[in-house]
Amino acid sequence: MELNERQQEAVSLPPGPVLVLAGAGSGKTRVLTSRIAHLLEEGAHPGQILAVTFTNKAAQSMRQRLAQLVQIDLHGLWMGTFHGIAHRILRLHHGLVGLPAQFQVLDADDSQRLIRRALKDLGLDDKYWNPRQLAARIGRWKDGGIAPDDLRRDPSLPEAVLAVYRQYELLKERAGAVDFADLLLLALRLWQDKALLAQYQERFQHVLVDEFQDTNAVQYQWLHALAAHGQIFVVGDDDQSIYGWRGAEVENIFRFSQDYPGARLVRLEQNYRSTAPILAAANAVIAHNAERLGKTLWTARSGGSPVQLYRAYNEEDEARFVVARIQDWVAKGGKREDCAILYRSNAQSRPFEEHLLREGIPYRVYGGLRFFERAEIKDTLAYLRLVLNRHDDAAFERVVNLPARGIGAVTLERLRQYSQERGLSLWQAAGELQQPKLQAFLNLIDQLAERCRDRSLDEQVSLVLEQVPLRDWHARDGDRGEGRLENLEELINAARTFALSDSSAGLRELNPVPGDLLGEFLTHAALEAGEGGAEAWQDAVQLMSLHSAKGLEFALVFLVGLEEGLFPHQRSLEDPAGLAEERRLCYVGMTRAMQQLVLCYAESRRLHGSERMAMASRFLRDLPPEEVEELRPRARISRPIPIPAASARSDCPYPLGARVRHPVFGEGTVLDFEGGGRQGRIQIQFASGSKWLALGIVALEQLS
DNA sequence: CACAAAGAGGTTTTT
DNA sequence: CCTCTTTGTG
């Protein structure tokens with residue numbers, strides 16, 4: 001595999017801090033894997049290398065590429081997501097942070113349930129205090145490393161919110177469980193043990209990080225402590241920072257240069273992925289963002305067909321069009337797996353799925369309702385969670401009356417009361433309450449645990465389904481239940497596969513707890529979504545959200561639903577930072593395409609059940625016309641794409657099109673405006689190019 | 001206390 | 001549009 005000069009430079013720099021700013025399609029993964037290969041050639045032992053990625057998909061693809069690159073046994077090389085690696089280390093040293101050996105990992109749904117519990121415990125109304133929002137808010141604090149005590153003195157913060165945060169933490173602790181943010185926080189807390197930290201610093205001589213722009217405060221601190229020796233190689237792209245909502249701080253890129261003075265900086269700007277028109281279009285879109293480190297991708301390739309833009313009548317027409325285009329592609333000998341349909345939110349997949357299904361085209365949906373997130377799967381696993389840890393209150397509450405066994409809301413409320421008053425787990429409380437039906441449930445779990453002893457993983461799953469009449473319960477649910485029954489059988493398969501798979505083998509050898517395969521499986525279920533659906537071997541069209549698409553590439557990309565309110569998303573419209581992130585997301589989506597990029601929007605769309613007229617996304621306005629071919633042009637020539645009235649355009653002190661003078665840039669024309677008041681930004685076309693300026697700062701003189 | 005029916009409410013993105 | 005919650009009945 002050939003590397004260009006810059007790539008080669010990055011790969012072979014001497015040990016020391018390195019920051020690679022790598023544009024989309026500039027061979028980022030190749031550089032990262034080649035760097036690892038280089039280190040190994042230079043005599044590094046695989047066990048001295050830690051490679052961190054952001055998603056499971058990325059970790060997987062890097063491992064594959066590395067295996068192709070080097071012949072040696074990669075045993076001992078740690079490669080995985082932040083959360084996955086944090087989990088590994090916590091398993092090894094759980095005692096140091098006060099966790100039980102088989103602590104549970106709560107997924108987002110579990111966390112939200114626990115927030116609900118916390119609200120109930122505190123006697124707060126979950127109508128007024130939205131559990132979902134609270135969970136998001138608390139999650140954001142935790143991603144930023146902000147503990148309840150840090151919030152104590154904030155007068156603007158309602159006391160109730162703080163109380164919920166505290167109660168939530170308490171409930172988690174009592175259950176011996178951790179949420180996603182805890183994995184990172186506790187892994188960081190481990191570093192307070194200086195001896196332990198030194199041990200890991202010694203071990204991981206080389207730390208490599210992918211998608212560095214997506215790291216949050218806690219992750220950065222963790223890395224910084226671990227890589228105090230400075231042998232840290234990070235790769236990132238500020239233009240692809242799309243996880244700000246999850247606490248990611250692009251600033252970490254600047255922080256890196258400060259924290260590691262003398263860090264070498266390498267820029268990769270040559271794009272090998274996309275054709276010139278695709279690149280030109282993507283560059284034009286991202287150019288509208290202020291505050292960029294400023295990178296312009298270029299390609300040595302010439303030619304390539306223009307970016308296409310289809311104006312659909314509605315979401316059905318959009319799906320019909322896309323599927324027809326895929327059929328053309330296949331008819332001309334293209335592979336289905338080289339086609340991707342990318343959308344802003346997972347809910348948009350439905351019409352595409354229906355049309356693909358109707359046409360008999362295999363497809364695979366990533367994200368959305370994932371296998372391990374399905375209710376029937378989580379129910380079944382909850383039994384196993386109780387088998388492993390009786391004090392897992394979330395699991396207890398989930399299945400204590402499922403299927404119905406006469407333990408209703410009243411009993412449960414009494415149980416909760418009792419447990420809360422005495423600081424007991426629900427399991428302990430149930431034991432003390434002497435209620436026959438509860439007793440029967442406890443016996444059921446104990447029996448289950450007894451029988452699960454010394455059984456294989458899939459047998460354990462089967463045992464749950466035999467001992468607990470979950471199958472019958474679903475079977476009575478008619479059509480809906482049928483799919484769920486299939487999923488339950490699939491769960492047995494998943495357990496069998498997991499027991500044999502590498503993903504568990506890696507953990508098992510590190511795992512000091514014998515016979516804890518079940519625990520690892522449950523973690524796997526929480527940490528990895530389990531991309532179910534179509535058979536892996538099948539040549540299938542790929543459907544996924546823009547976020548999931550990051551890091552991937554496809555010959556033919558359909559970027560759909562480019563409408564105001566959908567993309568950019570409604571929730572981002574008011575907030576300039578949010579809009580900038582949406583724009584980066586658009587850039588990420590466009591740069592996934594290698595040969596052909598097709599953009600779609602619909603004039604009318606059913607959203608949340610009702611039909612509504614849609615306006616073309618503002619991002620479409622920024623496309624260079626010469627690179628774009630409109631597939632259903634408007635009847636009248638040169639009528640532009642309908643442009644949305646920006647939400648707060650009326651607030652703009654200068655009318656669009658007005659001539660203005662800027663003290664530095666000279667005369668220009670007002671092109672656009674977004675945001676409101678002093679927060680607003682104004683775009684002006686100067687002779688030297690167009691610029692976005694903050695209205696709160698800029699001093700403009702209107703000329704006409 | 002279980003279950004069925006009707007109503008209300010809430011919808012981004014991921015580990 | 002879908003799920004979850006509340007309400008009403010047996």
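Side-chain atoms are counted along with the backbone in the values below, which use heavy atoms only and exclude waters and symmetry mates. We name chains A, B, ... by the order of the sequence lines, and we start the count at 1 in each one.
Partners of A/E169 by salt bridge (Lys or Arg N to Asp or Glu O under 4.0 Å), not counting sequence neighbours, listed by chain and number: A/K142, A/K172. Residues satisfying the ring-ring contact (aromatic ring centres under 6.0 Å, His included) test with A/H547, not counting sequence neighbours, are A/Y243, A/W245. Shown here are the ring-ring contact (aromatic ring centres under 6.0 Å, His included) partners of A/F180, two or more places apart in sequence or in another chain: A/H83. A search for salt bridge (Lys or Arg N to Asp or Glu O under 4.0 Å) contacts involving A/D239 returns A/R292, A/K295, not counting sequence neighbours. Applying the ring-ring contact (aromatic ring centres under 6.0 Å, His included) criterion to A/H569, with sequence neighbours excluded, gives no partner residue.
Note on A/D179: nothing from the nucleic acid sits closer than 4.0 angstrom, heavy atoms only. Within 4.0 Å (heavy atoms only), A/I407 reaches sugar-phosphate atoms of the nucleic acid but no base atom. Residue A/R584 is classed as having no contact, given no heavy-atom separation below 4.0 Å to the nucleic acid.
In this entry the distance linking CZ of A/F180 with P of B/dT15 reads 8 Å, nearest Å. If you measure from atom CG of A/D109 to atom P of C/dT3, you get 14 Å, rounded to the nearest angstrom. Summarising the geometry, the separation between CD on A/Q112 and P on B/dT15 is reported as 17 Å, rounded to the nearest angstrom. For A/W473 and B/dC3, the CH2 to C1' distance is 12 Å, given to the nearest whole Å. The CD atom of A/E373 sits 14 Å away from the P atom of C/dT3 (whole-angstrom rounding). Here the P atom of nucleotide B/dT15 and the NZ atom of A/K550 are 11 Å apart, to the nearest Å. Here the P atom of nucleotide B/dT15 and the CZ atom of A/R140 are 18 Å apart, to the nearest Å.
If you check the side chains of A/T215 and A/N252, you find a donor sitting under 3.5 Å from an acceptor.
Each of A/F82 and A/G406 lies near DNA chain B, and the nucleotide nearest A/G406 is the one positioned closer to the 5' end. In terms of position along DNA chain B, the nucleotide closest to A/T411 lies nearer the 5' end than the nucleotide closest to the other residue of the pair A/A181 and A/T411.
C/dT5 sits 24 Å from B/dT12 when the C1' atoms are compared, rounded to a whole Å. For C/dT6 and B/dT11, the P atoms lie 16 Å apart once the distance is rounded to whole Å.
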Per-nucleotide protein contact along nucleotides 5-14 of chain B, 5' to 3', at a 4.0 Å heavy-atom cut-off (B base, S sugar-phosphate only, - neither), is ------BBBB
Between A/C600 and A/V322, is the side chain to side chain contact (heavy atoms under 4.5 Å, CB included) condition met? List the steps. CA-CA 9 Å; A/C600 300; A/V322 167; 4.0 Å; yes
